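What you see is a predicted model, and the numbers here were worked out from it, not measured in a lab. Worth knowing before you read on, the calculation uses all heavy atoms, side chains too, and leaves out hydrogens, waters and symmetry mates.
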Amino acid sequence: MTVHHPNAGQHSARKHTALPKARILIEALPWLTRHHGKTVVIKFGGNAMVDDDLKAAFAQDVVFLRHAGLRPVVVHGGGPQISAQLDRHGLVSEFKAGLRVTTDEAMDVVRMVLAGQVQRELVGLLNRHGPLAVGMTGEDAHLMSATKHFAEIEGERVDIGRVGQITEIDTGAVQALLDDGRIPVVSSIARSADDGHVYNVNADTAAAALAVALGAETLMVLTDVEGLYADWPDSDEVISKLTASQLEKLLPELASGMVPKMEGCLYAVRHGVTNARVLDGRVQHSILLEIFTDEGIGTMVLPDGAVINEDDDTEGKQS
Ligand SMILES: Nc1ncnc2c1ncn2[C@@H]1O[C@H](COP(=O)(O)OP(=O)(O)O)[C@@H](O)[C@H]1O
Ligand SMILES: CC(=O)N[C@@H](CCC(=O)OP(=O)(O)O)C(=O)O
């Protein structure tokens, strides 16, 4: 006589819905193995930071990376937030060669918005998940030192105020936080190596420099487009992978905010970072999709000599 368990139907239904979930988790196993213990620098851009749901999903992803055994470091921007605050103070925002012309008065606003507003908000969102995030700026513990940067416009050296060029990075404090299981959240302000004040540094540039100094495996730059467009603004075809040399050839054709992003990616992969990626920060959980699945989205820059295979994720494998 066959005895049917009274809950047999229910059990098989549960198994039915549970198995696909297990498969999804197992799909992540090779990536978990590959990235375990690796440092990932994530730049969260001002334009991707305007939506509350996206910000909350970003925080979840970063905390997920941390619990999955990676060492995430967040560098944040805040261009639109700075411009809005300058506007409230009756100050105009002017950009030259993609960088904000930063008067002494504007510098106070930049510092207040980045360190006092944007960074605090991100730290708060991350710390909803536990005592993880610690905010700092490049001023803290000599993390970033800079000297005055002059813009180059048509061969001319142009004074753009308190914009800094990073000269030195002391990763001690960030490494200590990472070793303690924390998530550093860094605002792109540098201490001045020459006059005792502070400098405004583009956040993409700061993230790339920090990724190199930390010996990071990955630099991820979140923004408000799908990735690097091959022929922007005429086409929305995204370049999914390219080498450093291929990117170098494209650089003169790039415009506005993409310039410091792609220069940062190039600098990173030329100085030891295994891969640098530009991702669409408007897609919820884009970081998880990029790190733990086959469905890499956005643009990946690899060092010269890396295998570029459009069909799989052979990131950073040297031929
Ligand atoms: N080739 C390109 N591909 C994609 N975006 C480009 C390209 N060239 C210029 N852009 C512009 O760069 C912008 C991204 O830079 P930015 O606005 O500074 O972003 P963020 O605030 O995230 O740092 C895009 O929204 C787009 O307008
Ligand atoms: C020198 C310079 O331009 N600094 C930037 C710093 C913030 C930033 O880079 O923010 P996004 O990443 O959101 O653009 C600025 O003042 O806007």
Side-chain angles (χ1 to χ4, degrees), residues 39-50 55 58-59 62 72-86 89 93 95 98-100 102-127 132-147 149 161-178 182-193 196-214 216 219-223 257 260-261 264 281:
T39 302
V40 181
V41 173
I42 305 162
K43 191 272 176 159
F44 197 30
N47 281 310
M49 253 174 352
V50 286
K55 278 188 278 196
F58 169 83
V62 174
V73 176
V74 176
V75 176
H76 69 86
Q81 293 81 352
I82 295 168
S83 297
Q85 193 63 29
L86 286 171
H89 284 75
S93 292
F95 288 84
L99 301 170
R100 185 184 305 278
T102 311
T103 60
D104 288 352
E105 206 180 3
M107 186 66 237
D108 288 341
V109 175
V110 170
R111 194 189 204 186
M112 188 174 74
V113 171
L114 292 183
Q117 192 183 316
V118 179
Q119 182 213 85
R120 290 295 93 203
E121 191 186 358
L122 288 177
V123 166
L125 287 167
L126 288 161
N127 284 342
L132 295 167
V134 178
M136 57 198 296
T137 83
E139 300 160 78
D140 294 305
H142 286 201
L143 175 57
M144 292 177 194
S145 301
T147 52
H149 173 78
R162 294 218 62 87
V163 174
Q165 171 168 305
I166 297 174
T167 51
E168 216 177 320
I169 294 197
D170 180 336
T171 59
V174 169
Q175 295 281 18
L177 287 170
L178 289 170
R182 312 289 174 183
I183 303 172
V185 179
V186 180
S187 309
S188 59
I189 299 162
R191 69 182 274 270
S192 158
H197 293 288
V198 293
Y199 282 118
N200 181 12
V201 179
N202 173 275
D204 297 318
T205 314
L210 188 55
V212 169
L214 287 168
L219 167 68
M220 275 194 185
V221 183
L222 271 72
T223 185
K261 263 176 242 313

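With Val174 as the partner, the side chain to side chain contact (heavy atoms under 4.5 Å, CB included) test is satisfied by one option alone out of Ile169, Val134, Leu214, Asp140: Leu214. Exactly one residue among Leu114, Thr137, Val74, Leu143 makes a side chain to side chain contact (heavy atoms under 4.5 Å, CB included) with Val186. That residue is Leu143.
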- Item | Val123 vs Val185, side-chain contact (heavy atoms from CB on, under 4.5 Å): CA-CA, chis, key distance, verdict | CA-CA 7 Å; Val123 166; Val185 179; 4.0 Å; yes

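Here the side chains of Pro80 and Met49 are not in contact, with every heavy-atom distance at 4.5 Å or above. Using a 4.5 Å cut-off on side-chain heavy atoms (C-beta onward), Ile82 and Val113 make contact. Between Ile42 and Val75 the shortest side-chain heavy-atom distance does not fall below 4.5 Å. Contact of the Phe44 side chain with the Lys55 side chain is registered, since non-hydrogen atoms from C-beta on lie closer than 4.5 Å. Taking 4.5 Å as the limit, every side-chain heavy atom of His149 sits out of range of all side-chain heavy atoms of Val201. Arg100 is listed as a side-chain neighbour of Leu86, based on a closest heavy-atom distance under 4.5 Å.
For residues 105-115, the side-chain hydrogen bond (donor to acceptor under 3.5 Å, both in side chains) pairs, not counting sequence neighbours, are Arg111-Glu139.
Considering only residues two or more places apart in sequence or on other chains, Asp204 meets the side chain to side chain donor-acceptor pair (under 3.5 Å) condition with Lys43, Lys261. Thr171 is linked by a side chain to side chain donor-acceptor pair (under 3.5 Å) to nothing, counting only residues two or more places apart in sequence or in another chain. Residues satisfying the side chain to side chain donor-acceptor pair (under 3.5 Å) criterion with Glu168, sequence neighbours excluded, are absent altogether. Every side-chain contact (heavy atoms from CB on, under 4.5 Å) that Ala173 has, sequence neighbours left out, goes to Met136, Ala141. Every residue two or more places apart in sequence or in another chain that forms a salt bridge (Lys or Arg N to Asp or Glu O under 4.0 Å) with Arg182 is listed here: Asp180. Considering only residues two or more places apart in sequence or on other chains, Ala216 meets the side-chain contact (heavy atoms from CB on, under 4.5 Å) condition with Thr39, Val41, Ala211. A search for side chain to side chain donor-acceptor pair (under 3.5 Å) contacts involving Thr167 returns nothing, not counting sequence neighbours.
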